[in-house]
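Written below as structure tokens is the structure these notes are about.
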Amino acid sequence: MFDVKAFVNVQIGKIKDQVKGKAIIACSGGVDSVVCAVLASKAVGDDLLAVYVNTGFMRKGETEEVRCMLNDMNVNFKVLDAEDEFFDAVKGMNDPEMKRKAVGERFIRCFEKEARTFGAKYLVQGTIAPDVIESGKDGKGVVKSHHNVGGLPKEMGLELVEPVIDLYKEEVRQVARHLGVKMSERQPFPGPGLSVRCLGEVTRDGIGIVREACFIVEDEIQKAAKAGKMELPWQYFAALLPVRSVGTHNGKRVYGRTVVVRAVLSKDAMTAKCAEIPFAVLRSISSRITDKMGDMVNRVVYDVTDKPPATIEWE
Ligand code: XMP
């Protein structure tokens, strides 16, 4: 059985041994990075700076939410606005691996800059076991390059510190509960954010659509779960497909975009089952998306695939 208390003590000791001086932590506000921020701050105190990057690929209201959370956590932190840089980094790219690598590299360049200013030589990351497994080893067996592993550039001026690298999500949540982290049950969100939910080329319009669609999916599913109509899935979101189809909006023909709704049950993200969402909830999601964005989106579909053969995200 996983011994949370022992794990926490061992990791704090290991961070103290490894980090000689200042460190920054890449903090997205997700459970993995927040747990690492708490562990690292217990180990090095004020020698830690938490850096949250607003890539422009975050969900609705997320940057403000994370800012408030970091404020309450009693750690040094900085919120970086880097939207233009990230949009530029993926401009013209259609290939999912190229997009992931471009985002990974941009993240590191941002962290290197902040580390230089803060005088840090170490980068703490919330990498977990599935990120490493799916990113493959030496270019072999890659399913997708997670931004914090296979997406890292070869030349990097920072030494990595990865306290939860051997854990799966459920174990990280146990550590979070033990440390009193408020958002221990927050659903996973990929590091490259909405850029991998906007299939094909990433545009500001596309990100705007998928951001609103993700918000509607989260809101409708959470409302339904609260009302006892369904169990909350492990992860649930929308992606924007590069498929157009014919429809109508306010009596006019629209050659519009397609949104796919994805919801899965999983324990460790290595495998997943498609979640059974009540049809009425799917209908509400579809109506809300097309009512709000009917001039752009005229079709909403539901993904009923398990992992494998699919992955959870579409890219
Ligand atoms: P897939 O799509 O590979 O996703 O079945 C498994 C889990 O990992 C999340 N995910 C990521 N997390 N960096 C992350 O930190 C990434 O690059 C990344 N890509 C996918 C995904 O949302 C799911 O929970």
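Hydrogens, waters and symmetry mates play no part in the numbers below; they use all other heavy atoms, side chains included. All ligand and atom numbering here is 1-based and tracks the order in the structure. Numbers here are sequence positions counted from 1.
The pair E65-R59 does not meet the salt-bridge criterion, since no charged nitrogen lies less than 4.0 angstrom from a carboxylate oxygen.
Shown here for P130 and L167, the closest heavy-atom pair between the two residues is CD-O, 4.0 Å.
Side-chain atoms of V264 and K273, non-hydrogen and from C-beta on, never get closer than 4.5 Å to each other. Looking at I221 and F237, their side chains never come closer than 4.5 Å, going by heavy atoms from C-beta outward. Looking only at side-chain heavy atoms (C-beta outward), M230 and I277 come within less than 4.5 Å of each other.
At a 3.5 angstrom cut-off on N or O pairs, S145 does not count as close to ligand 1. Residue R197 has no N or O atom closer than 3.5 Å to an N or O atom of ligand 1.
Atom CG of N298 sits about 9.0 Å away from atom OG1 of T290, to the nearest 0.5 Å. Atom OG1 of T127 and atom CG of L160 lie 7.0 Å apart (nearest 0.5 Å).
What sits closest to atom 15 (O) of ligand 1 on the protein, heavy atoms only, is H147 CE1, 3.5 Å. Protein heavy atom in closest approach to atom 4 (O) of ligand 1: I312 CB, 4.1 Å. Atom 14 (C) of ligand 1 has as its closest protein heavy atom G191 N, 3.4 Å. In this structure, the protein non-hydrogen atom closest to atom 19 (N) of ligand 1 is R100 NH2, 2.9 Å. Nearest to atom 7 (C) of ligand 1 among the protein's heavy atoms is A269 CB, 3.8 Å.
When non-hydrogen atoms are compared, ligand 1 lies under 4.0 Å from the backbone of P190 as well as from its side chain.
Other residues, nucleotides and ligands place no more than 12 heavy atoms under 6.0 Å from the NZ atom of K292. Counting heavy atoms of neighbouring residues, nucleotides and ligands inside a 6.0 Å radius, atom CE of M98 does not exceed 12 of them.
Below 4.0 Å from some heavy atom of T311 lie the following atoms of ligand 1, by number and element: 1 (P), 2 (O), 5 (O). When each atom of ligand 1 is checked for a heavy atom of P188 under 4.0 Å away, the hits are 24 (O). Of all atoms in ligand 1, listed by their number and element, those nearer than 4.0 Å to a heavy atom of E134 are 1 (P), 3 (O).
Among H146, R262, K307, the residue whose heavy atom lies closest to atom 8 (O) of ligand 1 is H146. The heavy atom nearest to atom 24 (O) of ligand 1, considering only E313, Q235, M270, is found in Q235.
Assignment of Q187 to the shell around ligand 1 is not supported, since no heavy atom sits closer than 4.0 Å. Contact annotation: P192 has at least one heavy atom less than 4.0 Å from an atom of ligand 1.
At distances below 3.5 Å, not a single donor-acceptor pair connects side-chain atoms of K267 with backbone N or O atoms of K169.
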